[in-house]
Amino acid sequence: MIFYKMKKILSIAFGLLFLLFAAFQYNDPDPEVWVPIYGLAAVACFMAYAGVGRWWFLALVSLMYVIAAIYQWPPVFEGFMFSEVGMRSMNIEMAREAGGLAICAVVLGILAALSRPRY
């Protein structure tokens with residue numbers, strides 16, 4: 001029962017948060033890449049909320065985000081620099097993007113674990 005409630009709360013909260021992330025991407029230089037990325041995460045969260053997202057689907061999408069985050073990781077890590085609005089270097093931008101992908105991966109991984117059938 002506790003897993004069910006936790007899954008519902010996490011899925012709706014992060015589904016709405018990922019929609020907000022997608023909305024923020026309209027100000028980004030490449031929104032055509034990042035809006036669908038965060039949109040897919042939001043849809044997967046809402047699928048978990050509705051009970052139509054199977055655990056293996058959520059795990060597969062989570063794995064996809066893990067691979068994308070590893071691929072996106074900058075060659076030289078200079079930090080995330082959240083205190084700055086602008087982009088000081090490409091490495092910081094890549095780290096921010098990899099961080100967003102990692103957040104998607106962790107959330108969907110947790111939802112996949114909470115969606116597994118309990119016998």
Side-chain angles (χ1 to χ4, degrees):
M1 184 65 167
I2 185 98
F3 292 120
Y4 178 78
K5 287 182 180 182
M6 193 181 330
K7 181 180 93 167
K8 292 290 187 180
I9 292 169
L10 282 175
S11 59
I12 197 72
F14 277 99
L16 292 172
L17 190 62
F18 289 143
L19 282 180
L20 187 63
F21 286 1
F24 285 152
Q25 297 308 310
Y26 284 109
N27 199 17
D28 199 74
D30 51 356
E32 63 279 350
V33 174
W34 293 99
V35 169
I37 286 172
Y38 289 121
L40 174 62
V43 168
C45 285
F46 294 137
M47 288 173 66
Y49 178 80
V52 295
R54 302 291 176 239
W55 73 268
W56 54 265
F57 171 75
L58 297 169
L60 187 66
V61 176
S62 176
L63 178 64
M64 180 184 73
Y65 281 113
V66 167
I67 292 168
I70 292 169
Y71 176 78
Q72 190 65 27
W73 194 253
V76 177
F77 181 68
E78 296 178 30
F80 295 105
M81 301 298 277
F82 290 119
S83 61
E84 296 179 11
V85 176
M87 180 178 67
R88 198 177 71 197
S89 78
M90 194 59 178
N91 288 328
I92 293 172
E93 178 69 12
M94 291 176 73
R96 288 177 183 173
E97 291 171 347
L101 292 166
I103 291 169
C104 293
V106 168
V107 169
L108 293 176
I110 291 170
L111 289 176
L114 292 174
S115 297
R116 289 206 50 155
R118 310 241 184 296
Y119 299 106

Handout entry: Separation between CG of L101 and CE of M64, rounded to the nearest 0.5 Å
Key = 9.0 Å
Handout entry: Partners meeting side chain to side chain contact (heavy atoms under 4.5 Å, CB included) with R54 (sequence neighbours left out)
Key = W56
Practice task
Apply side-chain hydrogen bond (donor to acceptor under 3.5 Å, both in side chains) to D30 and list each qualifying residue two or more places apart in sequence or on a separate chain.
Solution key: W34
Practice task
Go through the structure and list residues passing side chain to side chain contact (heavy atoms under 4.5 Å, CB included) with A105, not counting sequence neighbours.
Solution key: S62, Y65, V66
Handout entry: ILVMFWY network linking V33 to Y71, side-chain heavy atoms under 4.5 angstrom
Key = no
Practice task
Run through the side-chain heavy atoms of Ile, Leu, Val, Met, Phe, Trp and Tyr, join any pair under 4.5 Å, and report what else lands in I67's cluster.
Solution key: L63
Practice task
For P36, check side chain to side chain contact (heavy atoms under 4.5 Å, CB included) against everything at least two apart and list the hits.
Solution key: none
Practice task
Kindly work out whether a path of hydrophobic side-chain contacts (I/L/V/M/F/W/Y, heavy atoms less than 4.5 Å apart) joins V106 to V61.
Solution key: yes
Exercise for the section: Please answer: with hydrophobic residues joined when any side-chain heavy atoms are less than 4.5 Å apart, are L108 and L40 in the same cluster? Expected result: yes
Completion exercise
Sorted by chain and residue number, the ring pair (Phe, Tyr, Trp, His ring centres under 6.0 Å) partners of F46 (sequence neighbours excluded) come out as none
Exercise for the section: Please report the closest heavy-atom contact between E97 and Q72, naming both atoms and the distance. Expected result: OE1-NE2, 2.5 Å
Practice task
Kindly work out whether a path of hydrophobic side-chain contacts (I/L/V/M/F/W/Y, heavy atoms less than 4.5 Å apart) joins L111 to L60.
Solution key: no
Problem - Common cluster, V107/V35, ILVMFWY with side-chain heavy-atom separation under 4.5 Å - result: no
Exercise for the section: Find out whether P74 and E93 are in side-chain contact, i.e. whether some heavy atom of one side chain is under 4.5 Å from a heavy atom of the other. Expected result: no
In a table with atom names and distances, give each donor-acceptor pair under 3.5 Å that connects a side chain of residues 7-26 to protein atoms at least two apart or in another chain.
from: K8; atom 1: NZ; to: Y49; atom 2: O; distance (Å): 2.2
from: S11; atom 1: OG; to: K7; atom 2: O; distance (Å): 2.8
from: S11; atom 1: OG; to: K8; atom 2: O; distance (Å): 3.1
from: Q25; atom 1: NE2; to: F21; atom 2: O; distance (Å): 3.4

Fill in the blank from the handout: Sorted by chain and number, sequence neighbours left out, side chain to side chain contact (heavy atoms under 4.5 Å, CB included) with P29 holds for none
